[in-house]
Amino acid sequence: MAVLQWIQDLPISAAIAESDSLWWGYAWWLFVHAVGMGLTAGIGFIVCLRLLGVGQQIPLSSLRVLFRLFWVGFYLNLVSGTLLFMTDATGIARVWELYAKLVCLAFALIAMSRLRRFVDSTESDRAIPPSIQKTAVACLVLWLAVITSGRLIAYAVEARGAVA
Amino acid sequence: MLTPADLVHIHLLLNHFPTIGMIVGVGLFLLGLLNKSEELKRGAMAVVFAMALISLPTYMSGYSAQKSLRGVQSVSQDVISFHQRSALFALIVMEAAGVVAWYGLWRSRRHVSVGPRLTAAAVLLSVVTLGLMAGAANVGSEIHHPEILSDPKAAISTEGILAPRWLSSEFITKYQYSHPWAWKTLETIHFMGLCLLFGVVLVANLRLLGWMRNAPLVGFHRLLPWGVWGFVANSVTGMLFFIGQAFQYIENPAFHLKMLCVLLAGADVLYLTWHEEVWEMEAGATASALVKLLAASQLVLWIGVIYFGRMLPYIGNAF
């Protein structure tokens, strides 16, 4: 597709793809993406574990501040993920793992916002309803799926890159 | 940065620690059991945990020692291979003992005592580790001390049990090349473990730094084993990468820095697990300046682990 080629040929895409710099080149954005993953999926895991009964002495209301950090991680990954995509738009857009990841991510975000609404509500320090616990289980599975599909994008691009 | 010769020296220095350290650990366990002293048992667990950490660079630096002896006529490559396989077997049991010891330390905070079953498991694993470490060290000493070389055939007779083929680097490397999904699966698990470990590290240390102040520390204490499971997943998968492709990592400066961060963070974890006052902090309490410094260092160290891990192919030459 012409649009993908155009994105890939943008000066910023080429600069990142070709840079050997450990501070703003391709490797740096991969690192930022890993930290963002740690913040989003990591906080996701903790919130879900707490809702499923681990560390019950932590009042749910104290987790509210973590959601802010979750969104910091999310935006880090939105930026780093977009930049990484731009460096090889034609290659990455061809693998189904990318779309699987985006779909899983969308569902994970829906689940997270549902959990957040409960944590933010005045009911959060009472018993946790089963529906919220089910959402927490689904949320855990979805984050694992996001990590898996994200990890597999790299291998899929590598394997299918030769065809182009 | 560390030169190949430095790494050989590190191996020759560190290789004394697991055996001697485990003699101390088992000794403390026995004294603790005889005197019915929880403190001595906890001390033994701390020693075992520390030895489990030190054993990792001990094993890994062995590859540098092996490389330095390539083509040297007076040493037997078979003895080196035997040493390496028996060391890996000892390492696996050592790490299991380390995890059980950490769990015992963690549990003693929660239930006042370590508990008989956990103590029995820790003692048993420590005794087996000591035997295996001593055996591996003995074979290792025969690599370069021909004056004490025992009958090579006698050594080979135990090889099938104590140093099976599938613990050799060659076997694991071949498996990785012939099963492409293996590496992908290990990487995926490594990233999942990263998120779990980082999540626990993040929230527990942020609480110590003053976030979520309305939560008592005991709740975060309950989360710690989940972080440790993440660490276990990443040590197992990480060691499988290392064993399969040791020479991509052993002289890679990013790898040295990553391992340094892991070991320092591990020492922090031991201190914080041991330190009673931290976990007694109630809702609203603030940590001491020292504990805050340790909490901040934990966050920096684990981000350092991620940074140098991600940089393995870029600063160094690993894939």
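Chain letters run A, B, ... following the sequence lines, proteins first, then strands; residues in each count from 1. Heavy atoms only: backbone and side chains are in, while hydrogens, waters and symmetry mates are out.
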Top residue by heavy-atom pair count (under 4.5 Å) with chain A, among [options]?
options	answer
B:Arg222, B:His221, B:Lys184	B:Lys184
B:Val200, B:Asn214, B:Leu194, B:Leu202	B:Asn214
B:Arg310, B:Arg213, B:Met311	B:Arg310
B:Pro180, B:Ala215, B:Gly230, B:Pro225	B:Ala215

Under a 4.5 Å cut-off applied to non-hydrogen side-chain atoms, are [X] and [Y] in contact?
X	Y	result
A:Ile147	B:Ile189	no
B:Leu223	A:Ile58	yes
B:Val203	A:Leu63	no
A:Trp28	B:Tyr307	yes

(message) Among A:Ile43, A:Leu152, A:Leu66, which residue has the highest count of heavy-atom pairs closer than 4.5 Å to chain B?
(response) A:Leu66
(message) Heavy-atom pairs under 4.5 Å with chain B: which of A:Ala41, A:Gly25, A:Gly42 has the most?
(response) A:Gly42
So, taking the atom named [atom1] in [X] and the one named [atom2] in [Y], what distance separates them when rounded to the nearest 0.5 Å?
X	Y	atom1	atom2	result
B:Tyr314	A:Asp20	OH	CG	10.5 Å
B:Glu187	A:Tyr155	CD	OH	3.5 Å
B:Thr188	A:Leu144	OG1	CG	10.5 Å
A:Phe45	B:Met192	CZ	CE	7.0 Å
B:Phe198	A:Thr40	CZ	OG1	10.0 Å
B:Phe220	A:Arg50	CZ	CZ	10.0 Å

Taking everything shown except [X] itself, do over 12 heavy atoms lie less than 6.0 Å from its [atom1]?
X	atom1	value
B:Glu282	CD	no
B:Trp279	CH2	yes
A:Tyr99	OH	yes
A:Ile12	CD1	no

(message) Quick check on B:Trp302 against chain A: is it the side chain, the backbone, both or neither that has a heavy atom closer than 4.5 Å?
(response) neither
(message) For B:Phe191, does the six-membered ring have the charged nitrogen or CZ of A:Arg151 within the cation-pi criterion, i.e. under 6.0 angstrom from the centroid and within 45° of the normal?
(response) yes
(message) If you compare all heavy atoms of B:Cys195 against all heavy atoms of A:Met37, which two are closest, and at what distance to 0.1 Å?
(response) SG-CG, 3.4 Å
(request) Pick one of side chain, backbone, both or neither for A:Leu39, based on which atoms fall under 4.5 Å of a heavy atom in chain B. (result) both
(request) Measure A:Leu30 against the heavy atoms of chain B and call it side chain, backbone, both or neither at under 4.5 Å. (result) both
